[in-house]
Chemist: 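My questions all concern the structure below.
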Amino acid sequence: MSGLSAFSLENKRIAVTGANTGIGQAIAVAIARAGGAVVAFGRSSMAETERMVASAGGRIVSAACDLADAAAKNLIGEIWQSLGPLDGLVNNAGIIRRADSVELSEADWDDVLDLNLKATFLLSQAFARHAMAENRPGRIVNIASLLSFQGGIRVASYTASKHGVLGLTRILANEWASRNINVNAVAPGYVSSNNTEALRADPERNAAILSRIPAGRWGQPDDIGNVVVFLLAPASGYVNGAVIPADGGWLAR
Ligand code: NAP
């Protein structure tokens with residue numbers, strides 16, 4: 001294998017959670033452009049993503065589920081039965097709740113941890129069980145955050161969940177690398193999406209964030225998609241337990 005084929009997802013079927021919007025949608029489109037087929041997991045309509053993937057010449061199947069429900073992990077097996085094996089899983093779906101830590105409610109703790117961390121673990125476990133049962137190689141890419149490394153402000157449950165995602169990426173990589181399942185993460189910087197709407201709407205926070213980004217701009221969801229493709233593609237076969245920041249230089253500052 002050489003040249004561009006090392007970056008191709010030809011003949012690969014990849015599940016992406018939260019693919020209806022934002023970063024997950026851009027990941028789905030990037031997978032399609034790289035030749036892969038997408039299985040889109042999420043609770044909202046995938047119609048827009050389906051159109052975008054189709055116009056990129058790709059294939060997509062949607063699987064409706066609320067990922068906060070632990071039963072969502074069963075979908076991995078259902079897909080395996082109905083469509084055939086999955087080659088990769090991108091754990092992208094995530095939520096954030098903002099409040100001073102003295103005010104943060106228990107529900108805002110549980111909701112964020114259940115989706116961002118627990119669902120990431122349960123889906124990864126289901127994926128690995130199926131892949132291992134067939135001795136198939138596989139790729140898992142988790143979407144971490146700058147708040148996998150830093151504390152942040154007014155987002156305690158989110159920061160705890162994303163530190164957890166980084167630790168989980170590392171332990172699963174350690175345990176599963178010898179079974180040819182590569183587990184890695186991408187840590188997006190500040191990206192324009194629903195997740196960051198409140199920050200962009202606050203002129204002071206917006207200016208403070210922009211002034212610290214060496215690239216001088218907010219990231220766009222497209223800035224993340226191809227980094228994920230790299231971690232799904234043959235080119236990254238010897239990459240295990242890594243986290244790649246795609247942050248316009250924020251962490252380097
Ligand atoms: P977003 O536009 O808010 O997308 C979040 C996605 O998660 C949506 O597809 C959403 O579906 C889905 N989701 C939420 N709760 C769900 C549930 N219970 N079941 C199924 N799907 C659910 O935000 P985004 O920025 O693209 O976020 C994607 C990932 O990137 C998240 O893990 C986030 O933490 C991470 N991230 C984002 C940034 C950033 O600056 N934007 C930075 C670092 C990391 P609905 O539309 O149905 O709610």
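All values below were derived from every heavy atom in this structure, side-chain atoms included, with hydrogens, water molecules and symmetry-related copies excluded. Numbering of ligands and ligand atoms starts at 1, following listing order. Treat the numbers as computed from the prediction; the structure is a model and nothing was measured.
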Chemist: Can you list the ligand 1 atoms lying under 4.0 Å from a non-hydrogen atom of Leu115?
Modeler: 14 (C), 15 (N), 16 (C), 17 (C)
Chemist: Identify the protein heavy atom lying closest to atom 9 (O) of ligand 1, giving its residue, its atom name and the separation to 0.1 Å.
Modeler: Asn20 OD1, 2.5 Å
Chemist: For the salt bridge (charged side-chain N to carboxylate O under 4.0 Å, His left out) test, which of Lys12, Arg13, Arg136 pairs with Asp87?
Modeler: Arg136
Chemist: Using a strict 4.0 Å cut-off to heavy atoms of Asn194, name the atoms of ligand 1 that fall inside it.
Modeler: 2 (O), 3 (O)
Chemist: Any idea which protein heavy atom is nearest atom 26 (O) of ligand 1, and the distance to it?
Modeler: Ile23 N, 2.8 Å
Chemist: Based purely on interatomic distance, does Leu146 place a nitrogen or oxygen under 3.5 Å from a nitrogen or oxygen of ligand 1?
Modeler: no
Chemist: Once you restrict to heavy atoms under 4.0 Å, what part of Cys65 touches ligand 1? Side chain, backbone, both or neither.
Modeler: backbone
Chemist: Among Trp218, Phe41, Tyr190, Tyr158, which residue places a heavy atom closest to atom 36 (N) of ligand 1?
Modeler: Tyr158
Chemist: Short list, please: which atoms of ligand 1 are under 4.0 Å from a heavy atom of Thr196?
Modeler: 39 (C), 40 (O), 41 (N)
Chemist: Any sub-3.5 Å donor-acceptor pair from Ser101's side-chain atoms to Ala156's backbone N or O?
Modeler: no
Chemist: Could you tell me if Thr120 and Asn142 have a donor-acceptor pair between their side chains, going purely by distance under 3.5 Å?
Modeler: no
Chemist: Just heavy atoms, cut-off under 4.0 Å: does Lys162 contact ligand 1 by side chain, backbone, both, or neither?
Modeler: side chain
Chemist: What's the shortest heavy-atom distance between Asn135 and Arg179, and which atoms?
Modeler: OD1-NH2, 3.7 Å
Chemist: Using the rule that Ile, Leu, Val, Met, Phe, Trp and Tyr join whenever any side-chain heavy atoms are under 4.5 Å apart, tell me whether Trp250 and Ile96 fall into a single cluster.
Modeler: no
Chemist: Should we count CD of Glu134 as having more than 12 external heavy atoms under 6.0 Å?
Modeler: yes
Chemist: Give me the ring orientation class for Phe127 and Trp80: parallel if the planes are under 30° apart, tilted from 30 to 60°, perpendicular past 60°.
Modeler: perpendicular
Chemist: List the closest protein heavy-atom neighbour of atom 4 (O) of ligand 1: residue, atom name, distance to the nearest 0.1 Å.
Modeler: Thr21 CG2, 3.8 Å
Chemist: How far is atom 19 (N) of ligand 1 from its nearest protein heavy atom, and which residue and atom name does that atom have?
Modeler: Leu67 N, 2.9 Å
Chemist: Which of the numbered atoms in ligand 1 are below 4.0 angstrom from a heavy atom of Asp66?
Modeler: 17 (C), 18 (N), 19 (N)
Chemist: Identify, by atom number and element, the atoms of ligand 1 in contact range of Ser44, meaning under 4.0 Å from any of its heavy atoms.
Modeler: 45 (P), 46 (O), 47 (O)
Chemist: Quick one: which of Ala68, Gly18, Ala93, Gly94 has a heavy atom closest to atom 5 (C) of ligand 1?
Modeler: Gly94
Chemist: Which heavy atom of the protein is the closest neighbour of atom 44 (C) of ligand 1, given with residue, atom name and distance?
Modeler: Ala144 O, 3.2 Å
Chemist: Do me a favour and list the nearest non-hydrogen protein atom to atom 22 (C) of ligand 1 with residue, atom name and distance?
Modeler: Arg43 NE, 3.8 Å
Chemist: Treating Asn92 as the side-chain partner and Thr17 as the backbone partner, does any N or O pair qualify as donor plus acceptor under 3.5 Å?
Modeler: yes
Chemist: Going by the atom numbers of ligand 1, which of them fall below 4.0 Å from some non-hydrogen atom of Ile95?
Modeler: 14 (C), 15 (N)
Chemist: Would you say ligand 1 has an N or O under 3.5 Å from any N or O of Asn116?
Modeler: no
Chemist: In ligand 1, which numbered atoms sit nearer than 4.0 Å to a non-hydrogen atom of Pro188?
Modeler: 42 (C), 43 (C), 44 (C)
Chemist: State plainly whether one hydrophobic cluster holds both Ile143 and Leu172, where clusters connect Ile, Leu, Val, Met, Phe, Trp and Tyr through side-chain heavy atoms under 4.5 angstrom apart.
Modeler: no
Chemist: For Leu104 and Ala99, work out which heavy atoms get closest and say how close.
Modeler: CD1-CB, 4.0 Å
Chemist: In terms of residue, atom name and distance, what is the protein heavy atom nearest to atom 31 (C) of ligand 1?
Modeler: Asn92 O, 3.1 Å
Chemist: Of all the atoms in ligand 1, which lie at a distance below 4.0 Å from a heavy atom belonging to Gly189?
Modeler: 38 (C), 39 (C), 40 (O), 42 (C), 43 (C)
Chemist: So is there a nitrogen or oxygen of Gly24 less than 3.5 Å from a nitrogen or oxygen in ligand 1?
Modeler: no
Chemist: Does CG belonging to Leu83 count more than 12 external heavy atoms closer than 6.0 Å?
Modeler: yes
Chemist: Could you pull out the closest heavy-atom pair between Ala63 and Ile79, with the gap in Å?
Modeler: CB-CD1, 4.3 Å
Chemist: Out of Ile143, Asp111, Leu199, who gets a non-hydrogen atom closest to atom 35 (C) of ligand 1?
Modeler: Ile143
Chemist: Nearest 0.5 angstrom please: Leu168 CG to Lys118 NZ, how far?
Modeler: 13.5 Å
Chemist: Closest non-hydrogen protein atom to atom 40 (O) of ligand 1, residue and atom name please, with distance?
Modeler: Val191 N, 2.8 Å
Chemist: Testing the basics here: between Pro188 and Ala144, what is the closest heavy-atom pair and its distance to 0.1 Å?
Modeler: CD-O, 3.4 Å
